[in-house]
Amino acid sequence: MSNIVRRGIHYMPALNAAKVSAAMLEKGQSGVIDASLTLIRERAKLKGELVRALGGAKATSTLLGVPLGHNSSFLQGPAFAPPRIREAIWCGSTNSTTEEGKELQDARVLTDVGDVPIQEIRDCGVDDHRLMNVIGESVKLVMDEDPLRPLVLGGDHSISFPVIRAVSEKLGGPVDVLHLDAHPDNYDAFEGNIYSHASSFARVMEGDYVRRLLQVGIRSITAEGRAQAKKFGVEQYEMRTFSRDRHFLENLKLGEGVKGVYISIDVDCLDPAFAPGVSHIEPGGLSFRDVLNILHNLQGDVVAGDVVELNPQRDTVDGMTAMVAAKLVRELAAKISK
């Protein structure tokens, strides 16, 4: 376990030992949360004003980092992913134009409001319930500044719940969700943790945030995962039948009659030959081109998305998986921006 995570876990006993009153603790936590949200708010205002001044944008992909890893059930390295993804996006080894011809250096296509300071908030003893609310409020602050649209950099997959909830609440209705992953992440409460990265889509489907949830790339699923999918009406497309399902999945039409489409990409949807730097290595996955074909051919108004579960601590020395995650972000940014 990393020192940064240990600090967040063990800081509360130290406060209790010092006999800090509940009122004092609550006041301090609220101050830190308010300061964190103010930082996101002011960054979003600035970037929103810039995009509006440039003119011509109906939707601008806006990076928001959520460096959270403590809800991972195995390794917690995804907490370190957002800066590695940003570094790979702008590293100079490739140009800044997406495959479909959008220029990422145009602020109307892609902008950035920085990271939610997850570890600093946890260091003050803030629990996961409040932390999820902070993540959601940060997403809403981005969406307050039209035409900014959130493109969230994880972090582990637990972040998708508060992000999807916030997007749906802000837009005033449900969205369709395309979820690419090796795992369904729909346990009721994996290892007793309702906010586990393995339970995020159970939380999503318990609310009225999603009409259709399509899960693609699944190849590690238990009886509970199948039962939960049936309970929530989830459409699961497993890798064992991908050759049969390919044509359908590469010609999806989503979002009609709802508020749009949300895309959540867990990097481990890819076969580890393409993306070894993940916590849960699961052979037999999608190729990178499979994912791009699904993404590029999707018909629908993509209003937000996330790329999660890159683990830099398991990546190759040259950061190959970070580059893969960065390209996913680039192509997803092109899909969101209009």
Full working for salt bridge (charged side-chain N to carboxylate O under 4.0 Å, His left out) between R52 and E145: CA-CA 9 Å; R52 290 190 293 272; E145 297 296 327; 3.1 Å; yes
Are L50 and T111 close enough that some pair of their side-chain heavy atoms sits under 4.5 Å apart? no
Between D290 and S287, a side-chain donor and acceptor under 3.5 Å: yes
Indicate, with yes or no, if the rings of Y237 and F248 have centres closer together than 6.0 Å. yes
Under a 3.5 Å threshold, yes or no: a donor from one side chain and an acceptor from the other, between E103 and S96? yes
Is the distance between the ring centroids of H157 and H179 under 6.0 Å? yes
Only one of D176, V177, L254 passes side-chain contact (heavy atoms from CB on, under 4.5 Å) with R211; say which it is. D176
Do H70 and H197 make the cut of ring centroids closer than 6.0 angstrom? no
Are L39 and V142 linked, directly or through other ILVMFWY residues, by side chains that come within less than 4.5 angstrom of each other? no
Checking side-chain contact (heavy atoms from CB on, under 4.5 Å) against L68, which of D156, V116, I121 comes through? D156
Side-chain contact, heavy-atom cut-off 4.5 Å: F232 with N186? no
Exactly one of V163, I135, V307 clears side-chain contact (heavy atoms from CB on, under 4.5 Å) with V152, and that residue is V163
Can we say E100 and R330 salt-bridge, meaning some charged N sits less than 4.0 Å from an Asp/Glu carboxylate O? no
Using 4.0 Å as the upper bound for N to carboxylate O, is an ion pair formed by R122 and D127? no
